[in-house]
Amino acid sequence: MMIDLLVGVLLITGAGFMLVAALGVWRMPDLLTRMHATTKAGVLGAGLILLGVAIHFFDTTVTVRVVAIVGFVMLTAPIAAHAIGRAGYFIGVPLWEGTIKDELKGRYDEAQHTLSSGPADQDKDAS
Amino acid sequence: MEFLMASLVGILFASALYMMLRRSIVKLVIGLVLLSNAANLLIFTASGLGSGQPPLIPPGADVPVGAVSDPLAQALILTAIVIGFGVLAFAVVLIHRAYEVVGADDMDQMKDTDT
Amino acid sequence: MSHVVALPVLIPLLAGSISLIFWRSHSAQRWIGVIANAALLVASLWLLRETWVHGHLVMHMGNWPAPFGIVLVSDLLAAIMIVLTGITGLATALFSLSSIPREQERFGYYPLLHLLLAGVAGAFLTGDIFNLYVWFEVMLVASFALLILGGERAQMEGAIKYVTLNLLSSALFLTAIGLLYGVAGTLNMADLAVKLAEVPPEQSGLLTVIAMLFMIAFGIKAAAFPLFFWLPASYHTPQVAVSALFAGLLTKVGVYSLFRFFTLIFDQDVAFTHEILLWMAVLTMLSGVLGAAAQYEFRRILSFHSISQIGYMILGLALFTPLALVGGIIYIVHHSIVKASLFQISGLVYRLRGTYELKGLGGLFRSHPWLSILFLIAALSLAGMPPLSGFMAKFIIVRAGLEAGAWVAVFFALLVGLLTLYSMLKIWNEVFWKAGPETQHEVPTRGQSPRLTYYYLPIALFAVMTILLGVAIQPIYEIAERSASQLLDTRGYIEAVLGVQP
Amino acid sequence: MRMHSLILRTAGHFLLPLLILFSLWLLLRGHNEPGGGFIGGLVAAAAIALYLFTMDLQAARKALWVDPRNLIGIGLTLAVLSAIPGAVLHGQPFFTSQWWPMTLPLLGEVKLSTPLIFDIGVYLVVIGSVLTIVLFLAEAEE
Amino acid sequence: MIALTWNLLLALIWVALWGEFTAANLVVGLIVGYLVLAFALRDMPAFASYVAKVPRAIRFFFWFNRELIRSNLTVAYDVLTKTHYMRPGVIAVPLEASRDGEITIVANLISLTPGTLSLDVSSDRKVLYIHVMYLTDEAEVVRSIKDLERRVLELMR
Amino acid sequence: MILQIASTLAYILLSAALIFAFIRLVEGPSLPDRVVALELLASLTVGFIGVYVLVSGATPFLDVAMVLALTAFLAAIAFARYLEKGGHREDDD
Amino acid sequence: MLLAVLSGFILAFLAPWLTPRLGRAVGWLFGLLPAALFVWFASFIPVVASGETLLFSYPWVPGLDINLTFLLDGLSLLFALLISGIGTFIVIYAGYYLHGEAYQGRFYLLILAFMASMLGLVLSSNLVALFVFWELTSITSYLLIGYHHEEGKARASALQGLFVTVAGGLALLAGLVLLAVAGGSYELSELLTSGDVVREHALYLPLLLLILLGTFTKSAQFPFHFWLPNAMAAPTPVSAYLHSATMVKAGVYLMARLNPTLGGTETWLLLLGLIGATTMLIGSYMALRSTGVKQVLAYSTVMALGTLTMLIGVGTEKAITAAVAFLLAHSLYKGALFMIAGIIDHETGIKDFRELGGLRSAMPLTALFAGIAALSLAGIAPLFGFVAKELMFEAVLEAPAIGTVITLFAVASAMMVVAIAAVIGLRPWFGPRLPTKKTPHEAPPSLLAGPAVLATLGLLFGLLPMLPGQHLLSAAALAVAGEPIEVYLSLWHGFNLPLLLSATSLAVGLLLYWQWSRVQPALARLAAWDHLGPERGYEKVMASIVSISDSHTRLVQNGYLRYYILTIISTLLLLLAWTILTRYPVLPSPDLSGIAPHTFTILAITALAALYAVTTRSRLGAVAALGALGFGVALIYVLFSAADVGITQVLVETITVIMLVLVLFRLPGFLDFTLSGSRLRDGFIAVLFGGTITLILLMTTEVQFFPPISEYFIENSGPLGHGRNIVNVILVDFRAIDTLGEIFVLALAAIGVYAMLKLRAEDRKS
Ligand code: NA
Ligand code: NA
């Protein structure tokens, strides 16, 4: 009974986080902020639900699989986020007007496909 | 349930056909993807949507415990998915090449071979 | 059980696989091409003989009992079709030796050829409707690839239509299979025949609805009216060896499937289904021949005639009498040979003169009398002139039609014969009789072999066959007759597949 | 042209062996659990495709080591040949499955069988075909 | 690395001794192997650091999950309420990590933790560009990122 | 009983999430936005599968989630590569 | 007998090889074959004359009632003798006439094959075999008429002749099959005795009309007569052969042959009598109007064919006797005259009567035989033509019902024929010598042999009419009549009405000849009315074939893929609707209970993803939507317990998206091409299509006639398949062949893609 309760809570919390992620994707103002919602909430939501599954079955094979799935998600989600975020930024998807700082601006050299580490103005002087 | 699935299948078929009736060859490809999915779901629906267990035999047993969903239909769909994928791959590249050779994404510029 | 049933499928499959392994070697590809196709022909003749002697041959693949596993079944119709596959395959392989440019050999021409034949053979032999779908797709994708080999603009344009409409057909076919499996719970053709026959008549309307889907799906594959559009759009665009193979074999698979389904499985409502087939046949004959009359390009004329000839074959099925089925079968045999031959001739003419346009051709009777005679034999045969194969085929259909009282169908069958003669003689006049043009096109050889031997060899063999099919048709007739009775009395098929029914 | 991302490149290095291992696992367990040659092959192909995207075409080709077209031919041949043992050895119909249970050191009892050979053929063909398509598309794109 | 190999080998021997290859056996084998190594070879540096890493890894695991939940709650709050409280911005954080693997793991973990998302590494690998949701106190953000990096590097090196 | 209620609730929450993610997919406005939505859909699918496994007891379905977790991100990578190589950005309005 | 028929074919196929090797002697040597055949056939005269009918049977396709059965009675023997006899002279004649031409070998191939076909035709007892030979004569004659094939007119004439005769031939085929249906046999030998059954049969009228369509076209009866004069484009030996004894007489032969079976009815009498008489009149009128040597002869052939048809139609004892006599007479004089026309052309290079004159002295023998043959044509005693004509007058005078009309026609025709005969027999030879292109000489023996013998025979038979009459013609008449009749031929019948008619026509005819140079142009001016004639009809038919097929093809094969798809789907919908409305399948009653909200949402999102992919203007948005659709579909599979399918769907979807992204890279964005009207139409059809599929799917889900066979797999997957994943066991074992095909599809797609992409790369390089 207690276990069922725990599993139920995990299930609902996990699903709730996923809903939050979806709401975030829906409501957040620009690409990067949306991605904050999905990367974290998605991973956490799926992880909680699967944790519930693992507890419910309490079986090695299930647990191994759950661990593998969560591991895979945690492995791939940030990579995907990195790829999309980076691409989105570089192709000029606009940032939200509330963004207060952008240190990456102007540091990407499209011709050489290089990203400098110094401040943007320095880079411009050099070239 | 069957009603919903049948409606979905109908919508997919309709969407596929509508896309195939466009002049744009890119839309044609999208139509083909939809068509393949529609046909697969149709097999799935027609073979019965029982809420049985997956057709897997538990370790140590000879037959599955309880009712299982139709494994043959699943095998057919699997085959159909793969075939659909192969064919689609070909079609996609064909359209790519056709666009390159013709220089337009327009079926109406591809009617010289008929008459 | 005899292993020969599976050989016509396994030989080309293995040949295709192995030549893919050796895809870098021209000579290996060519050798495998000829040897495997010769082996296929031998196997197919052997299969025909075995089927003739022993009746239906069945192989329960994987040793699983029918209707659960997949069966390969050879009745006489299938065996005849397999022999045609062997003949066309070998002829194409030989023809290819002279005609296929080297760079296309490098891009998988021979493996594609083998696998196309495998798909065709599989479609003819399988006794399972889903497996039929699979073989259809094998054949289809192989034909797609053969169609675009060369990468010309016309090929791409033609291929888009070919691919799209054939995929539409496949989707309908798959849909129909799904629905049929849904109501009958089986995929085995013999099992379907048994089970559908038990469906009470007041409920069999649904079966007829599903039958319509099959009819349209196969009608598209067979290039029947008004479903044939993909054929004239594409058949004249690939290498002519490929056109010949397509024209000789591919549409026959659709026709064969119509024959199989509408004799074995869907015979609940013959008055309805076969009446539709009858109209389809008549309109196909007419529409095709009118299309041909409007063309002035060698291969396009031939392409449209393929359609019109398909009409005759379907007419044989639609009339649904023993004699009509015999006629349909003989028509299939006749047309495979003659149409493949005509396409090959067009290719040779192109090789000699560098164009397929009738206006730019001429003078070949003067310069190439033997080729002219070979053309005339094939052309007159296509037009149904005696004593060639086409006459026998047409005569049987006409006789069957008249005996069945199908006056309109017979009228159009005869009229279409006349119009076929008209466009064949148009070619004869323009290409052979007319004086040659002042300026000759430059003849592109494009890496083809300089020798023409392998152009003439298959064409000549086809000519011999069409003559023999006319003057020495008795053995073929006997086979076709027994085949027709097998089609009409399905008990033999069912018992061979499922064992003796209670 | 490569994607100049160190993160992606490193992730690619790391994920490739993982995915290949995963694909082999899917292949071998397919007879008993979800998986099989087709699914395994697709995962393996996806692994190489990942290399293509995180690094470049040359890296992907190198990672695959063999020409994908050879994989097609070998896989098909294997699949077709798996039809033959039963017919030759016992006169059974083609594709009658043959089972050769054997005990191997470390692995214990292993059932070598024609369905397994067949599935391995499927696996190879899927890898070969999908990668032929993807790699040559990528090449054409460049 | 050699220590991990030893641990695995011991686990396999454990499984072989039991004569049955099951997941449970393997897990038990790994734990037993670890304990044996921790006890027997505690004086050899290579093994000592390996032994020390395991509890650190476990600690890291729990710390990380706590951060994950915290970050999600923050974002959830922002998502679920009407106004946007966030102050997003892109900042450049100097990297201590130098090897490809280290950088990648750091970057990925940053993406999974509170309000930060790794965008890219500079070509000279000196700087990691990060999108930050709540950039009200940049120094604090940088500090927590460096903290994470430190924890990771401890584990890796 | 508890599990039934919880799973139903979880299903409903996930369904709602599905709808919002889909809206973003449709609205865009940029391609990366759509791809992010697609990624989320993949995660949601994993969640659905988790709940389904719990409800039905069909643990082999975890394998579907496993494959999904390991490969679905490839699509996002492909899109990203496409964008960086200068695919039609103006495609999206 | 088989050898006799086939020997011609055998020699024909050797001819192209032999001809260059035999040199000048080729005509004489090849002539040995027909000569031998003539002698061989002649040896049957005694037997046949005694009223016996010989049957020779060789099985061909017994199952189809197709056999090489040869029937030798008076009629077929008469024809066989004419074919081989005149054939002999033609072959000899051509040896000289065509000497040195490049394609003499091909000519012999064709003429010998034609001769053999003709023999086969007249000897066949089997209807199908007869038809086979019938069509063979059409083809060989087509090739012969088009012998000078590089001239456009020769090709056009050849085609015209073939098209008309083959069109008729096809009707004939249908008619013969119906005849076999009505008479219960494909053998003439049996049908000849079952005339009563056939005539009473319901199919009598259609089969009669069909057969007559065949014979009328072949024998150039009105309104199909126009092809015959055009066929004069052929070399003269061909014209001489085809239009004297063979090709055009095939139709007459068949009518005569079938007289016992089909004849004797009112329809028969009216059709044959009136059309024959009309043809006769038109033929002689056209001949009188013409000036070309071969033209005049051709139209006079039309006249003769009309006469024969008319006589067969009348069908009385007299008429039949007249017919066989006229047949023989015409063959003899027409063969001779054509060969003489060839000699004139060969020696002078002139083809028009108006430019000929005074050749008598240059070529006296030719002139002599021309005169004799012309006398026979004119029907002047003591030539055999006179005997035949007198009999004809007797026959028409006593013809039932239409006697008066056809007598008038016959007399009018006879008048003109006399004039024509005079033009032929007198004009080139007498009067002032007109200039010629070449210097004319007497023809050599090989050219002259034919005219000499044939003309002489005409004279001989005229003087001794019982010579042919007693044996051959009476047997032939017997065969035509189908019952014993009295044949008595004589030169002198006493002073009677026929003689009076003959005399009148002779007088008027000579008058016409006297005024020929005025009459001919006057008549020729009537050519302005020819556009009402049947030849224009032919041209219109041919033109309409082209225009109909053009517009049909533009309409049907219009090049627009979407119209193709629309047509196919509309056809499908039409058939489905028709089936549903007439075959009454059980309509579904959907059950909406038990739908979980999440299932509904997933289905809805899947559907919406599809709809978004359809409606979006963003191309990659559509691809992303397809991805979403793929996840939705995968979820559906999972929710209904299909694990492997779910995994596969996910993987395939992912790789599809990758592929689409790779490909769409360089493709442009979506463009809106279509108008809103067509979007509305397409949308309507699409919805109709989707709705129909939904309806049918629902019907099938409500019915389950039999339990599915999958139970077997569930039971046996473990014990027999040694696997716990039933789907996988099905895929790699139970139904491994499906999977085998599937991987081949994949491999083929890869090869295709490779070839497409790589060949392009090669193109770029070069
Ligand atoms: Na907020
Ligand atoms: Na059902």
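Values reported hereafter were calculated over all heavy atoms of this structure, with side chains retained and with hydrogens, waters and symmetry mates removed. Convention: sequence-line order gives letters A, B, ...; per-chain numbering from 1.
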Under 4.5 Å from any heavy atom of chain G, what part of [X] do you find: side chain, backbone, both or neither?
| X | value |
| --- | --- |
| C:Y477 | side chain |
| C:I70 | both |
| C:L13 | both |
| C:L140 | neither |
| C:M156 | side chain |
| C:T186 | both |
| C:L165 | side chain |
| C:L146 | neither |
| C:L72 | neither |
| C:I216 | side chain |
| C:D269 | side chain |
| C:F130 | both |
| C:L421 | side chain |
| C:Y422 | both |

Next on the checklist: Walk me through whether C:W64 and G:D733 qualify under side-chain hydrogen bond (donor to acceptor under 3.5 Å, both in side chains).
Outcome noted: CA-CA 9 Å; C:W64 301 110; G:D733 201 343; 3.0 Å; yes
Next on the checklist: Just checking C:W407: does its CH2 atom have more than 12 heavy atoms from other residues, nucleotides or ligands closer to it than 6.0 angstrom?
Outcome noted: yes
Checklist entry - Does C:F365 have G:R106 sitting over its ring (NZ/CZ under 6.0 Å from centre, angle to axis within 45°)? => result yes
Item to check | Chi angles and distances behind the side-chain contact (heavy atoms from CB on, under 4.5 Å) call for C:M392, G:I66 | outcome: CA-CA 10 Å; C:M392 287 301 177; G:I66 305 176; 3.8 Å; yes
Item to check | Donor-acceptor contact present, side-chain C:W135 to main-chain G:G741, <3.5 Å | outcome: no
Checklist entry - Counting only N and O atoms by type, is there a donor-acceptor contact under 3.5 Å from the side chain of G:Q557 to the main-chain atoms of C:F229? => result yes
Checklist entry - According to the interplanar angle, ranging from 0 to 90°, do the rings of G:Y754 and C:W23 count as parallel (below 30°), tilted (30 to 60°) or perpendicular (above 60°)? => result perpendicular
Checklist entry - Hey, what's the ring geometry for C:F68 with G:F713, parallel, tilted or perpendicular (30° and 60° as the breaks)? => result perpendicular
Closest non-hydrogen atom pair between [X] and [Y], with its separation:
| X | Y | result |
| --- | --- | --- |
| C:P387 | G:L136 | CD-CD2, 3.9 Å |
| G:R155 | C:K434 | NH1-CA, 3.4 Å |
| C:A294 | G:T553 | CB-OG1, 3.5 Å |
| C:P226 | G:T571 | CG-OG1, 3.3 Å |
| C:G470 | G:W60 | O-CZ2, 3.7 Å |
| G:L64 | C:R399 | O-NH1, 2.7 Å |

pair [X]-[Y]: side-chain heavy atoms closer than 4.5 Å:
| X | Y | result |
| --- | --- | --- |
| C:W428 | G:Y142 | yes |
| G:F744 | C:E137 | no |
| C:V183 | G:M699 | no |
| G:T700 | C:L180 | no |

Structural part of [X] lying under 4.5 Å from a heavy atom of chain C:
| X | result |
| --- | --- |
| G:I569 | side chain |
| G:V181 | side chain |
| G:A736 | neither |
| G:P206 | neither |
| G:I568 | both |
| G:Y186 | side chain |
| G:L720 | both |

Checklist entry - Listed by chain and number, what are the side chain to side chain donor-acceptor pair (under 3.5 Å) partners of C:N188, not counting sequence neighbours? => result none
Item to check | Set of side chain to side chain donor-acceptor pair (under 3.5 Å) partners for G:S138, sequence neighbours left out | outcome: G:K218
Item to check | G:W134-C:F391 aromatic ring centre distance below 6.0 Å | outcome: no
Item to check | Contact leader toward chain C among G:V745, G:V546, G:L746, where contacts are heavy-atom pairs under 4.5 Å | outcome: G:V745
